[in-house]
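Presented below is the structure to which this report refers.
Worth knowing before you read on, the calculation uses all heavy atoms, side chains too, and leaves out hydrogens, waters and symmetry mates. By convention in this document, chain letters (A, B, ...) are assigned in the order of the sequence lines, proteins followed by strands, and residues within each chain are numbered from 1.
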2 protein chains.
Amino acid sequence: MKRLTGASAGGKAGVNGGDEPPETQTIVGLTTHEEVYRRLREQILYGGIKPGSAVTLRGLADELSVSPMPVREAVRRLIAERALLLQDNRRVMVAPMTRETFEQILFARRALEPELAARALAKLTKSDIAAIEAVDRSIDTAMRAGDTEGYMRANYQFHFAIYRKSEAWTLVALVESIWLQFGPFMRMAYGRIGTSTIEDHHEFAISAMKKGSAADLRKAIDADIGQGMGFIGEAVLSRAG
Amino acid sequence: MKRLTGASAGGKAGVNGGDEPPETQTIVGLTTHEEVYRRLREQILYGGIKPGSAVTLRGLADELSVSPMPVREAVRRLIAERALLLQDNRRVMVAPMTRETFEQILFARRALEPELAARALAKLTKSDIAAIEAVDRSIDTAMRAGDTEGYMRANYQFHFAIYRKSEAWTLVALVESIWLQFGPFMRMAYGRIGTSTIEDHHEFAISAMKKGSAADLRKAIDADIGQGMGFIGEAVLSRAG
DNA sequence: GGCTCGAAATTGTGATCACATTCGACCTAG
DNA sequence: CTAGGTCGAATGTGATCACAATTTCGAGCC
């Protein structure tokens, strides 16, 4: 069972966790709900929580050994970002995917992500590109090993390492929200199909970055989106509407 | 001073407000924080809160005669939607506008909103169009009267009456988040320039809807965005970077 | 034996308290 | 008169309690 090591800044009212010395090795300066948020966000993004499965405030609180309060705030935030869905029963779950939602996410990604990559292009240094290449190699490794979560983490890093270089924070935030919404389904898709059949458009993207060609980079990103989302579409939406 | 009339569903622990009979005329079924959220959202969207001005949890709670708790959740949600900004001091304010943010919002609007309108086109009935025309007339009225807030409300209604008809909820949610981010600046812009000089692209949009021409509708919406955002750009960003 | 109804447990929501940090005003020293 | 410092008020964060609504599960009835 994971636990949030030690208390962070802010009010430490009431009894302490108990068995740990104060001032543990946690990254200080973060509020507890922020830490809970990041942890949940990762779990959702990399498929740790299956779509349709419900989460409860007290359950998560126990799991992370914190009080329900910071969990409430983290969950509320994730609901606002559409990573979680608040049902009419006021219960919280990972949102299921419909064909319509899927299609809209695909459109939004194609509209925003190639642009983001193009904006990043001018600001990419040699060492940035080298780092991105390294990430791409770890994608290949994970892919060949059949390590789905590793693949997803690396794939996320690959894309956002580029996008963040654009320094277009407003757009990056929009795209991150979109990724949160289809993350769980990526996991389902690769869990069903496997990672071995993925064709790699990242090579084209990297060579486009090296050439400094915005048009080629847009094309590569767009192709990558189309293929990745195609997988999800086939695997997840084949039977349901 | 506004107040949230009566208590809503959910725990009513401790002493009651005091002076009101139970079961007041409020819309029941809504949680308190949801109601607070909508109220704050409106204030932000229509410029009731000036950019850069700070809001406090207890301040808002007193203003609405609720406990700080639902305000916390509402504010947290608005922060996640980027309508409010959590500073390093952990204080909350309406986000200021920078040239970069402005430019990104403009891009995202142009990428998403014409598409949304085009998707709505097929589902628009005669009566829908008539209703939208009525909203457009109220825009004219407010414009001539110099009623900035009325103009903004009606303008918002005009756009989202169309967009919502697309039933593309995922995309609509993205666009709503974007509108929340530039709402306050629209108010500033019109407060400075006035509403009288606004050219009306809505007529073109309406005639495009009547003709059923998706291409024309896209063009009209795009032109409307360009003009509206141009106003904000000139008025708000003329001096600051 | 399958179904229904009711009691107990679980869950989300709101209120209140506790505390560390930060902001602001007032005061004092130069 | 200005700059620096100190103390009090205000604020965000987390914990705990209270309560209504929903869910869950087991006992009783047909």
Please state whether the phosphate of C:dG14, meaning OP1 or OP2, lies under 4.0 angstrom from any side-chain nitrogen or oxygen of B:S67. no
Measure from the side-chain heavy atoms of B:T56 and tell me the nearest of D:dT13, C:dG14, D:dT11. D:dT11
Considering only side-chain heavy atoms of B:P68, which listed nucleotide, C:dT13, D:dG14, C:dT16, is closest? C:dT16
Aromatic ring centroids of A:F182 and A:F102 under 6.0 Å? no
Rounded to whole angstroms, how far apart are CG on B:L57 and P on C:dT22? 17 Å
Which part of the nucleic acid, if any, lies within contact of B:V55, taking any heavy atom under 4.0 Å across all strands shown: a base, the sugar-phosphate backbone alone, or nothing? sugar-phosphate
In whole angstroms, the gap separating C1' of C:dG14 from CD of B:E34 amounts to 15 Å
Provide, to the nearest angstrom, the distance between the NE2 atom belonging to A:H33 and the P atom belonging to D:dA15. 12 Å
Please tell me which of the listed nucleotides, D:dT13, C:dG14, C:dT16, lies nearest to the side chain of B:R90? D:dT13
Between C1' of D:dT11 and CZ of B:R76, the distance in whole Å: 13 Å
Taking N and O atoms by type only, does the side chain of A:R72 place a donor or acceptor under 3.5 Å from a partner on the base of C:dG14? yes
What integer distance in Å separates A:D62:CG from C:dT10:C1'? 12 Å
Compare all side-chain heavy atoms of B:R72 with those of A:M69 and state whether any distance is below 4.5 angstrom. yes
Of A:E73 and A:R91, the one whose nearest nucleotide on DNA chain D sits closer to the 5' end is A:E73
Write down the distance between CE (B:M69) and C1' (D:dA15), rounded to a whole number of angstrom. 10 Å
Distance check needed: C:dC23 P versus B:D88 CG, whole Å only. 11 Å
Taking side chain as C-beta onward, heavy atoms only, is B:Y190 less than 4.5 Å from B:M186? yes
Establish, with yes or no, whether the OP1 or OP2 oxygen of C:dT11 is under 4.0 angstrom from a side-chain nitrogen or oxygen of A:N89. no
Report yes or no: is the cationic atom of B:R119 (NZ for Lys, CZ for Arg) under 6.0 Å from the centre of the six-membered ring of B:Y163, at an angle within 45° of the ring normal? no
Can you tell me the distance, in whole Å, between the CG atom of B:L60 and the C1' atom of D:dT11? 12 Å
Hey, does B:V75 reach any base, or is it just sugar-phosphate, or nothing, if we go heavy atoms under 4.0 Å? nothing
Between C:dG12 and A:R58, counting only base atoms on the nucleotide and side-chain atoms on the residue, is there a donor-acceptor pair under 3.5 Å? yes
Would you say the rings of B:H33 and B:Y37 are close, in the sense that their centroids are separated by under 6.0 Å? no
Among the nucleotides D:dT22, D:dG14, C:dG14, whichever has the atom closest to the side chain of A:T31 is D:dG14
